[in-house]
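Some notes on the structure that comes next.
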Protein chains: 2
Amino acid sequence: MPDDDWTPPPVLLAVDLVIFTLIDSTLHVLLVERGIEPFQGDWALPGGFLEDEREAVLAAAHRELMEEANLDATQLHLEQLGAYGEPDRDPRGRVVSVAYLAIAPGLPEPRAGTDAAHARWVPVPDVLGGSIKLAFDHETILHEGLERARAQLEHTAIATAFCDETFTINELQRVYEAVWGVALDLRNFYRKIQAVDDFIVPVGAERRTGKGRPARLFKAGSRTTLYPPLVRPSPATASEGNG
Amino acid sequence: MPDDDWTPPPVLLAVDLVIFTLIDSTLHVLLVERGIEPFQGDWALPGGFLEDEREAVLAAAHRELMEEANLDATQLHLEQLGAYGEPDRDPRGRVVSVAYLAIAPGLPEPRAGTDAAHARWVPVPDVLGGSIKLAFDHETILHEGLERARAQLEHTAIATAFCDETFTINELQRVYEAVWGVALDLRNFYRKIQAVDDFIVPVGAERRTGKGRPARLFKAGSRTTLYPPLVRPSPATASEGNG
DNA sequence: TCAAAAGTGTTATCATTACACCCATGT
DNA sequence: ACATGGGTGTAATGATAACACTTTTGA
């Protein structure tokens, strides 16, 4: 037991961001090439240290989101994944990182921030395939971010966070397919989604792609939680389509 | 942007524990009466600061579990809930707390630790009812711990973590009922649970309570994830039985 | 023989799946 | 007309819910 004069050891607090978006129906994550040691030249999740003693952790996530991805956090889905604090995860000292999951719509332009030489949207299957090595424990964080996103698609309406203001049902379906890594029957999906009250609401307009019948446009409804959940196909049974 | 000499501000790292157990078919959480300021005399979740620079966060959770609840973490379900780091959550300074959810079986003896005057198992409905005020942001943490436990019952086999080595199906059902706050049909529950491969395995023995037909005893099987999930009744529809 | 708790059978209902089919548009 | 993608109908299957009923024990 510590004596009376004992004070707790200080640690450095960082935030790391798992930012997902959909590009060409494939899930992408924003990675930055590290410009400084440690792990200089390797790819890492965007993130950084708390700026000052008074900054809230969530505020730091907002700030990094803007600095490194040029994304306005107030427009985005952003939720905490957890804390990662293994004593030796950062060679510079005792760093505890709070990781966040962010979901961005459309095709945002990545923009390299201050301490990142380059930022790039990388297809998640490429990272999971092991062809890209991540710095620190960022591969673990990415995995847990992906699993969280998959689970959230079942229980909440975050799928719309991947889409623009208005979207078609097929665009929404591609979100589910890309994140879950499965192929879904579009006809069943169509009704299942519409059967959920206030998940998506028709906006009255249509989108014509030049081919085929125009698709109705929808916007996100007021519902945030899905009950009953949209249970994803069993990982064992899943046909692992998409890429 | 910070200048070149800038170093990140240090924070103090704490762990807090949401330890659940079942007593008389009611969900209880371990609370300690704070012996020191701030919030002296109030009830709080057990927890404490990181002991030294080299201690892993999870190890600190293990240590506090033993110190404050006399529970061996290696025998318990223990998972991280997340980090709580609002700048003003602790008047002593910038403290970021990593919260853990722990689930203990049976009727463990609480044991007051070093910096806790008293430790007590408190019925969760009492705390949620607002009759007990919690220190810091511990009410938020408790809520999120409860929600996590509820969700985990749907998707994983943690229900067995509330039970002793061997248990009856009815004991398992009371876990679900107490945590979800609903009443379940025992006959449907009986089959549903047994239909899940390797969730529980019969141990061959029986338990006689003195009344009625003896119940078969089971132990936890090798399965950890439940697919398809055991979807809990809708919160809106739930009859909110139990207490 | 009765109360109490364990465990089984059966049916209605609901959700999911699979897939045939029709609709609206551009070329 | 036909290709293409949007959208509807429907029957089979599987999971859930409701509840009547049988079994095994202690008193």
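Below, chain A is the first sequence line, B the second, and so on; all start at residue 1.
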Fill in: Rounded interatomic separation in angstrom, taking CZ from Arg187(A) and P from dT8(D)
13 Å
Worksheet item: Side-chain donor-acceptor pair under 3.5 Å between Asp72(B) and Thr74(B), yes or no?
Response: yes
Discussion item. Ignoring hydrogens and geometry beyond distance, is the side chain of Asn188(A) in donor-acceptor contact with the base of dA18(C) at under 3.5 Å?
Written reply: yes
Worksheet item: Rounding to a whole Å, what distance do you find between Arg207(B):CZ and dG7(C):P?
Response: 12 Å
Worksheet item: If we ignore angles and hydrogens, is there a donor and acceptor under 3.5 Å between the side chains of Thr168(B) and Asn170(B)?
Response: no
Worksheet item: So with a 6.0 Å cut-off around CD of Gln194(A), is the heavy-atom count from everything else above 12?
Response: yes
Worksheet item: OP1 or OP2 of dT8(D) less than 4.0 angstrom from a side-chain nitrogen or oxygen of Tyr190(A), does that happen here?
Response: yes
Worksheet item: For the pair made of CD1 in Ile193(A) and P in dG7(D), what is the distance, rounded to whole Å?
Response: 14 Å
Worksheet item: Can a side chain N or O of Asn170(A) be found less than 4.0 Å away from OP1 or OP2 on dG5(D)?
Response: no
Worksheet entry | For atom CZ of Phe189(B) and atom C1' of dA5(C), their distance in whole Å | 16 Å
Worksheet item: Does Gln194(A) or Lys192(B) map to a spot on DNA chain D nearer the 5' end, using the closest nucleotide for each?
Response: Gln194(A)
Fill in: Euclidean distance, atom CG of residue Asp185(A) to atom C1' of dA15(C) [Å, nearest integer]
15 Å
Discussion item. If you count every heavy atom of other residues, nucleotides or ligands that lies below 6.0 Å from Glu165(B) atom CD, does the total exceed 12?
Written reply: no
Worksheet item: Under the 3.5 angstrom rule, does the side chain of Trp43(A) hit a backbone N or O of Lys133(A) as a donor-acceptor pair?
Response: no
Practice prompt. Start with the C-alpha distance between Tyr100(B) and Glu64(B), add both sets of side-chain angles, then the distance that settles side-chain hydrogen bond (donor to acceptor under 3.5 Å, both in side chains), and finish with yes or no.
Written response: CA-CA 11 Å; Tyr100(B) 284 84; Glu64(B) 293 290 341; over 6 Å; no
Distances under 3.5 Å between nitrogen or oxygen atoms of protein and nucleotides 25-27 of chain C:
residue : atom : partner   : partner atom : Å
dG26(C) : O4'  : Gly210(A) : O            : 3.1

Worksheet entry | Integer-rounded Å distance: dT16(C) C1' and Leu186(A) CG | 16 Å
Item to complete: Starting from P on dT16(D), measure out to CZ on Arg232(B) and report it in whole angstrom.
Response: 15 Å
Worksheet item: Can you say whether the rings of His138(B) and Phe136(B) are parallel (under 30°), tilted (30 to 60°) or perpendicular (over 60°)?
Response: tilted
Discussion item. Classify Arg216(A) by what it touches in the nucleic acid, base, sugar-phosphate, or nothing, heavy-atom distance under 4.0 Å.
Written reply: sugar-phosphate
Practice prompt. Using whole Å, report how far CZ of Arg191(A) lies from P of dG6(D).
Written response: 15 Å
